Each structure stands twice: as C-alpha cells, then as structure tokens.
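What follows is a single structure, written as structure tokens, with notes after it.
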There are 2 protein chains.
Amino acid sequence: MTPLDALDLHLLELIQADSRLSQGELGERIHLSTAAVNRRLKRLRDEGVIQRHGAVLSPAALGHPLTIVVEVEAESEQIERLDAMKQSFRDCPQVQQCYYVTGEWDFILVCVVRDMAQYTALTRQLFFQSNNVKRFRTLVTMDPVKVSLDVPVSAGP
Amino acid sequence: MTPLDALDLHLLELIQADSRLSQGELGERIHLSTAAVNRRLKRLRDEGVIQRHGAVLSPAALGHPLTIVVEVEAESEQIERLDAMKQSFRDCPQVQQCYYVTGEWDFILVCVVRDMAQYTALTRQLFFQSNNVKRFRTLVTMDPVKVSLDVPVSAGP
DNA sequence: TTTGAAAGCTCTGCCAT
DNA sequence: ATGGCAGAGCTTTCAAA
C-alpha cells in the first residue's frame with residue numbers, strides 16, 4: 001500500500017468532516033487540480049483507507065432516542081459459541097456497535113432503541129435466548145456527549 | 001417537523017448505507033423523479049434528520065489500529081465539573097465517542113489510538129490531569145465486531 | 001404535492017508536461 | 001506524479017399541472 005502523504009491526509013480530514021465537498025472545492029483548499037483530487041480519492045477508496053461514504057442520521061428523528069451501553073459476560077469462550085454471539089449482535093439493527101474486549105467483560109455493546117420496552121425485548125432476544133450469556137449490565141445514556149467514528153488524521157504526539 | 005413517510009424512510013435507508021448514490025439512482029429505486037428526491041433530501045437535511053455526510057475512514061490505515069473502551073467514575077457530580085470533563089473528552093481527537101450514563105460508572109469512552117504508549121499518555125492527559133476522576137477501567141478491544149452509527153430505519157417490533 | 005426540461009456544476013478519462 | 005480540457009453525467013431550479 002502506498003504510504004499517505006501530507007496531501008492525502010489533508011484530503012481525508014476534509015472529506016471525513018464533509019463528504020459532500022466537490023472535488024473542485026477540495027482541490028482549491030489543498031492547492032491541487034480537480035483531476036489530481038479525483039485520482040487521489042479513487043486511490044484512497046481502492047486501498048480501503050476510505051471505507052464508505054454514509055449519511056449520519058439523527059436517531060431521535062427516527063424514533064430511537066435512547067442509547068444504551070451494555071456490558072456482557074459470556075458463559076463459555078469457545079470460539080464457536082463466541083462467533084455465534086458476535087453474529088447475533090451484528091445481525092441486530094438496534095446494536096450499533098459491538099466490541100469484543102479483554103478484562104472484566106467480554107463484549108461492550110452500544111444499542112439505539114425506541115424506549116425501555118424495546119430494550120427489554122432486545123435483552124430477551126439477545127441475552128436470555130442465547131445460551132451463552134452469563135450476565136450483563138445495562139448503562140442507560142443520559143447524555144450522548146460525543147458520537148462519531150472520526151479518526152485522528154494529523155500526526156499526533 | 002413534518003412526519004416521515006414511507007418514501008422518506010426508504011430514502012434514508014439507502015443514503016445511510018451509501019451517500020454516494022446519485023439522486024437519479026435513488027429516484028429509480030424508490031420510483032420517484034430526480035427532482036422529488038432532491039427536494040426530499042433537502043428537506044431531510046434542513047430538518048436535521050440527516051445530520052451530516054461523512055466519509056468513514058479506516059483507523060488502521062491511518063495508524064490508529066487500537067480501539068479501547070474506558071469506563072470512568074467521576075469524583076464529584078457537580079454540573080460544572082462534569083461539564084468540564086465532557087468538554088475535555090469532546091476536545092480530544094482520540095476520543096471517538098463519549099456517553100454519560102447511569103449506573104456503576106459515569107462515562108463510557110471509546111478511544112482510537114496508535115498503541116498502548118499513546119493510550120497511556122491519553123490517560124495521563126484525560127484522567128490523572130483532571131481533578132475529577134475517581135477511577136477508570138480499561139477494556140482493550142480484541143475484535144471490533146461491529147462499528148457503525150447506523151440507525152434502524154424500518155418500523156421495528 | 002408531482003413531473004419534465006433547461007442551466008449550471010461536477011466527475012472522469014485523455015493527453016501533454 | 002501533475003494540470004487542462006472536453007464529453008458525459010449529475011444537481012438544482014422553475015414552470016406547469
């Protein structure tokens with residue numbers, strides 16, 4: 001994979017914040033021609049640095065105002081059973097994010113739901129119906145202080 | 001705010017998955033003219049249902065291959081001190097997400113970092129340097145099973 | 001509300017540098 | 001690698017229904 005130069009990083013920073021900027025506009029900002037921007041973006045997409053272009057929707061506007069973080073401990077850590085759990089989390093639209101982690105718990109989930117009733121139904125489906133959840137703990141979000149998937153682009157300390 | 005009809009929801013579902021679909025293409029898929037699609041998208045943006053259009057970048061490709069979940073307990077729950085904490089989390093590029101939650105812990109953070117050394121530096125900056133962190137617990141991600149901000153669009157159970 | 005068309009932009013490939 | 005250009009395609013607005 002081609003290493004990223006300063007212009008690539010600048011480009012990524014801009015389209016991460018707003019993917020609707022036209023290639024002409026991007027070119028102006030980083031002092032490159034439209035064609036050059038076009039080529040770089042294509043390369044970055046082909047190499048997988050840019051994974052996808054998506055619209056970020058308001059959960060509240062779509063009737064899912066509640067964000068809930070769930071800590072989950074698995075019964076058995078057999079790969080097969082863990083994979084089945086992972087798949088059930090991936091398949092559930094209400095599960096926005098799932099991380100398999102070290103430490104006290106095995107999984108951390110972030111869920112978006114309509115109300116507590118829907119969350120209760122979700123726990124039935126995901127945890128009680130599974131035969132591999134030892135225990136889970138629910139953390140209800142009072143304030144989604146920061147929600148993004150943005151990656152630091154500048155060099156960093 | 002105008003209530004969302006079935007066509008709006010279909011549109012949102014499509015551009016949430018891929019915001020690069022052209023308005024003509026979207027129109028074909030939901031059987032509407034380009035102009036009608038254009039107007040609905042504008043309305044959805046103006047109303048804040050569509051919050052932003054962004055590119056999702058690969059953390060690994062940008063040199064941030066480690067995702068770390070952190071549970072944080074605050075010393076004092078004075079609004080002023082909590083707000084200061086929230087702001088420090090918002091301002092930190094390595095903190096992708098922060099939720100202020102009920103229960104055992106006060107904050108859940110999701111961080112993306114280059115390596116453990118950078119994470120250590122981050123904890124210094126965010127936790128030790130703060131005068132309001134009682135304790136925190138680190139959960140290192142072994143597998144980012146599902147990472148998205150997608151919101152369920154269909155009606156749901 | 002909708003469609004259809006017109007004007008203006010944007011993307012993309014080609015060629016010269 | 002880059003910039004300039006041209007044709008195709010896309011977005012946006014407007015009149016009409």
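Every chain is numbered from 1 and lettered A, B, ... according to where its sequence line falls, protein lines coming before strand lines. Computed from a predicted model, the values in this text were never measured in an experiment.
- A donor-acceptor pair under 3.5 Å is absent between the side-chain atoms of A/N132 and the main chain of A/A74, judged by distance alone.
- At least one donor-acceptor pair closer than 3.5 Å links the side chain of A/T141 to the backbone N or O of A/T67.
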Quiz item: Under the salt bridge (charged side-chain N to carboxylate O under 4.0 Å, His left out) criterion, do A/D8 and A/R43 qualify, and how do the steps go?
Solution: CA-CA 10 Å; A/D8 289 329; A/R43 196 192 76 226; 2.6 Å; yes
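- A/R81 pairs by the side chain to side chain donor-acceptor pair (under 3.5 Å) definition with nothing, not counting sequence neighbours.
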Quiz item: Stepwise, does the side-chain contact (heavy atoms from CB on, under 4.5 Å) test hold for B/Q118 with B/H64?
Solution: CA-CA 10 Å; B/Q118 192 184 31; B/H64 290 72; 4.0 Å; yes
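- Under the salt bridge (charged side-chain N to carboxylate O under 4.0 Å, His left out) criterion, A/R29 pairs with A/E25, sequence neighbours left out.
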Practice problem: Report the C-alpha distance between A/L26 and A/L32 in whole Å, list the side-chain angles of each, state the deciding distance to 0.1 Å, and finish with yes or no for side-chain contact (heavy atoms from CB on, under 4.5 Å). | Solution: CA-CA 8 Å; A/L26 291 169; A/L32 224 54; over 6 Å; no
Quiz item: Between A/R40 and A/D46, does a salt bridge (charged side-chain N to carboxylate O under 4.0 Å, His left out) hold up when you go through it step by step?
Solution: CA-CA 10 Å; A/R40 280 170 182 261; A/D46 291 346; over 6 Å; no
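- Using a 3.5 Å distance cut-off with no hydrogens or angles, the side chains of B/T2 and B/E47 do pair a donor with an acceptor.
- In this structure, a donor-acceptor pair under 3.5 Å is absent between the side chains of A/Q97 and B/S148.
- Extent of DNA chain D lying under 4.0 Å from chain B heavy atoms, first and last nucleotide in 5' to 3' order, is D/dC10 to D/dT13.
- Considering only residues two or more places apart in sequence or on other chains, B/R135 meets the salt bridge (charged side-chain N to carboxylate O under 4.0 Å, His left out) condition with B/E73.
- Less than 4.0 Å separates DNA chain C from at least one heavy atom of each of the following residues of residues 14-26 of chain A: A/S22, A/Q23, A/G24.
- Listed by residue number, the members of residues 43-51 of chain A with any heavy atom below 4.0 angstrom from DNA chain C form an empty set.
- When DNA chain C is scanned in the 5' to 3' direction for atoms under 4.0 Å from non-hydrogen atoms of chain A, the outermost contacting nucleotides are C/dT10 to C/dG13.
- Hydrophobic cluster of B/V133: the remaining members, joined at side-chain heavy-atom separations below 4.5 Å, are A/M142, A/V145, B/L66, B/I68, B/V70, B/V72, B/L82, B/M85, B/F89, B/V95, B/Y100, B/F107, B/L109, B/V113, B/M116, B/Y119, B/L122, B/L126, B/F127, B/F128, B/F136, B/V140, listed by chain and number.
- In the hydrophobic clustering (ILVMFWY side chains linked at under 4.5 Å, chained through shared members), A/I79 stands by itself.
- Within a heavy-atom distance below 4.0 Å of DNA chain D, the residues of residues 33-42 of chain A found are A/S33, A/A35, A/A36, A/R39, A/R40.
- Looking at residues two or more places apart in sequence or on another chain, you find a side chain to side chain donor-acceptor pair (under 3.5 Å) between A/Q87 and A/R90, A/D91.
- Shown here are the side chain to side chain donor-acceptor pair (under 3.5 Å) partners of B/D143, two or more places apart in sequence or in another chain: A/K86.
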